[in-house]
Student: 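Before anything else, here's the structure in question.
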Amino acid sequence: MNGYKVAIVGATGLVGQEFIKVLEQRNFPISSLHLLASDRSAGKKIFATQQEIEVKETAPESFEGIDIALFSAGAETSRYFSPIAAQAGAVVIDNSSAFRMDPKVPLVVPEVNPEDIKWHKGIIANPNCSTIQMVVALYPLHRVNPIKRIIVDTYQAVSGTGSAAVDELTAQVKQVLDGQNITPHVYPHQIAFNVLPEIDVFLDNGYTKEEWKMVEETMKIMHADDIAISATCVRVPVFTGHSEAVSVEFSQSMSPDEARRILILAPGVKVLDDTAISLYPQPWSAVGSDEVFVGRIRRDASHPGGLIMWIVADNLRKGAALNAVQIAEELIKREWIHPREVGK
Ligand SMILES: NC(=O)c1ccc[n+]([C@@H]2O[C@H](COP(=O)([O-])OP(=O)(O)OC[C@H]3O[C@@H](n4cnc5c(N)ncnc54)[C@H](OP(=O)(O)O)[C@@H]3O)[C@@H](O)[C@H]2O)c1
């Protein structure tokens, strides 16, 4: 069959399952699909690309003959297996944080910096979910009116942590309603009916690592080291869909109408902004969609060059699996990858 030999590492996880859905929905040209996970899932059968496929334990020899390896199995797994996969000739698209800030690895959002894909040396990094949706919405504005400063507050869904966190929120909601005591496992505190201003570990500068990822990754993707960025990342009891309140200071003043006009034409963006009918993006309705939704666009009353907006996207889709598959599609479209011959 014509197409590419594709491996998904972490195929049993939330992002891995979304990978399968996205590849199928976009008719990605696959000649064979290889599902990899840890030894815990070896032997499990998953129905994908119209057939039952057995999940295999990830091993160095898993990547022989693979053209494209989509990784979503945590940074440790990526750090160990990605160089092995690249050495075996696969192009790795990695969803973990392992290589994102490595200067030898491109960090790509296809709507923003597709040309960076070209200089990859076997590994391409997929950015953090919160960063992806923010840059998709801000980059089209930055191109016409350079951004000087961004302040972002996130409201991040538990599926961003993985399947154990989804199970934890489900269980805790029931426990709270039944009046039972809660013992948190995934998060340091109860997440049901609560919000936690702690995502990833705390750094010496008082920020969390998630917040710092938004700062560094935004600059790398937009090639804009001079933008001042500050983030506060908050976990909320939402299953899927990250939301962000973003304050942007531009070089020159920009009206909300001009921003709307630019964003309506921007790739990957959908403007939902009519306060008269309470139309604005919501995580609930963003689930399963490819777009980054933007609304509540208004002047910043505290700054003449500022706009404020509300940005929402499906963190498992544009925030993870979809963005990675779009990178693979760019590789093919620009003829920067070709399927290897069978047996090679
Ligand atoms: N969730 C998001 O919104 C999101 C967004 C961007 C990036 N990411 C990144 O994507 C990765 C996975 O996230 P997730 O939400 O899918 O997590 P998840 O639901 O917990 O799934 C983790 C996956 O990794 C596999 N895995 C764990 N240890 C492994 C090992 N030693 N070798 C091979 N496979 C191993 C698991 O396999 P078993 O089933 O065998 O345990 C499972 O398939 C993480 O790096 C995360 O940071 C997630």
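In listed order, ligands and their atoms are each counted from 1. Since the model is a prediction, treat every value here as computed from it, not as a measurement.
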Student: Give the atom numbers and elements of ligand 1 that come within less than 4.0 Å of a heavy atom of A320.
Tutor: 5 (C), 6 (C)
Student: Atom CD1 in I147, atom OH in Y139: separation rounded to 0.5 Å?
Tutor: 10.5 Å
Student: Checking T154 now: which residues fulfil side chain to side chain donor-acceptor pair (under 3.5 Å) with it, not counting sequence neighbours?
Tutor: Q156
Student: Between the main-chain N or O of N126 and the side-chain N or O of R100, is there a donor-acceptor pair closer than 3.5 Å?
Tutor: yes
Student: Considering only heavy atoms of G319, which atoms of ligand 1 have at least one such atom less than 4.0 Å away?
Tutor: 5 (C), 6 (C)
Student: Should you measure from each heavy atom of G162, which atoms of ligand 1 turn up under 4.0 Å away?
Tutor: 15 (O), 17 (O), 18 (P), 19 (O), 20 (O)
Student: Looking only at distances, can you tell me whether any N or O atom of S163, backbone or side chain, sits closer than 3.5 Å to an N or O atom of ligand 1?
Tutor: yes
Student: Can we say E330 and K333 salt-bridge, meaning some charged N sits less than 4.0 Å from an Asp/Glu carboxylate O?
Tutor: yes
Student: Please classify the L14 to ligand 1 contact at 4.0 Å (heavy-atom distances, strictly less than): side chain, backbone, both or neither.
Tutor: both
Student: Where is the nearest protein heavy atom to atom 47 (O) of ligand 1: which residue, which atom, and how far?
Tutor: N95 O, 4.6 Å
Student: How would you list, by chain and number, every residue that makes a ring pair (Phe, Tyr, Trp, His ring centres under 6.0 Å) with Y207, sequence neighbours excluded?
Tutor: W212
Student: Which heavy-atom pair separates I20 from A11 by the least distance, and what is that distance?
Tutor: CD1-O, 4.4 Å
Student: Measuring from atom 23 (C) of ligand 1, which candidate in S72, A321, A75 has the nearest non-hydrogen atom?
Tutor: S72
Student: Does any N/O atom on V15 come nearer than 3.5 Å to any N/O atom on ligand 1?
Tutor: yes
Student: Ignoring hydrogens and geometry beyond distance, is a side-chain donor-acceptor pair present between Q326 and K318 at under 3.5 Å?
Tutor: yes
Student: Determine, stepwise, if the pair K21 / E18 fulfils salt bridge (Lys or Arg N to Asp or Glu O under 4.0 Å).
Tutor: CA-CA 5 Å; K21 244 191 264 174; E18 202 65 34; 3.4 Å; yes
Student: Which ligand 1 atoms does G74 reach within 4.0 Å, using its non-hydrogen atoms?
Tutor: 11 (C), 44 (C), 45 (O)
Student: Do other residues, nucleotides or ligands put more than 12 heavy atoms under 6.0 Å from N181 CG?
Tutor: no
Student: Using a 4.0 Å cut-off to any heavy atom of L316, which atoms of ligand 1 qualify?
Tutor: 1 (N), 2 (C), 3 (O)
Student: Any protein heavy atom lying closer than 4.0 Å to atom 32 (N) of ligand 1?
Tutor: yes
Student: Could you walk me through whether D102 and K121 pass the salt bridge (Lys or Arg N to Asp or Glu O under 4.0 Å) check?
Tutor: CA-CA 12 Å; D102 184 331; K121 294 174 180 59; over 6 Å; no
Student: Which of these, E210, E216, E217, sits in a side chain to side chain donor-acceptor pair (under 3.5 Å) with N128?
Tutor: E210
Student: Does the side chain of R235 pick up a donor-acceptor pair with the side chain of T161 at under 3.5 Å?
Tutor: yes
Student: Which one holds for S159 and ligand 1: side chain close, backbone close, both close, or neither close, with close meaning a heavy atom under 4.0 Å?
Tutor: backbone
Student: Hey, is ligand 1 close enough to G10 that some N/O pair sits below 3.5 Å?
Tutor: yes
Student: Return the option from G160, A42, A324 holding the heavy atom at the smallest distance from atom 2 (C) of ligand 1.
Tutor: G160
Student: Give the numbers and elements of all ligand 1 atoms closer than 4.0 Å to a heavy atom of S96.
Tutor: 45 (O)
Student: Does an N or O from T58, backbone or side chain, lie closer than 3.5 Å to an N or O of ligand 1?
Tutor: no
Student: Using heavy atoms and a 4.0 Å limit, tell me yes or no: is A164 in contact with ligand 1?
Tutor: no
Student: Ignoring angles and geometry beyond distance, decide whether G13 reaches within less than 3.5 Å of ligand 1 through its nitrogen or oxygen atoms.
Tutor: yes
Student: Write out the residue and atom name of the closest protein heavy atom to atom 35 (C) of ligand 1, then the distance separating them to 0.1 Å.
Tutor: A73 CB, 3.7 Å
Student: What is the closest protein heavy atom to atom 29 (C) of ligand 1, and at what distance does it sit?
Tutor: T77 OG1, 3.6 Å
Student: How close does the nearest protein non-hydrogen atom get to atom 38 (P) of ligand 1, and which residue and atom is it?
Tutor: S41 OG, 3.2 Å
Student: Pull out every atom of ligand 1 sitting under 4.0 Å from any heavy atom of R40, numbered as shown with elements.
Tutor: 27 (C), 28 (N), 40 (O), 41 (O)
Student: Tell me yes or no: between the side chains of T49 and Q51, is some donor less than 3.5 Å from an acceptor?
Tutor: yes
Student: Considering only protein heavy atoms, which is closest to atom 3 (O) of ligand 1, and at what distance to one decimal place?
Tutor: N315 ND2, 3.1 Å
Student: May I ask you to check whether D94 and S96 show a side-chain donor-acceptor distance below 3.5 Å?
Tutor: yes
Student: With respect to T12, determine whether any N or O atom, backbone or side chain, lies less than 3.5 Å from an N or O atom of ligand 1.
Tutor: yes
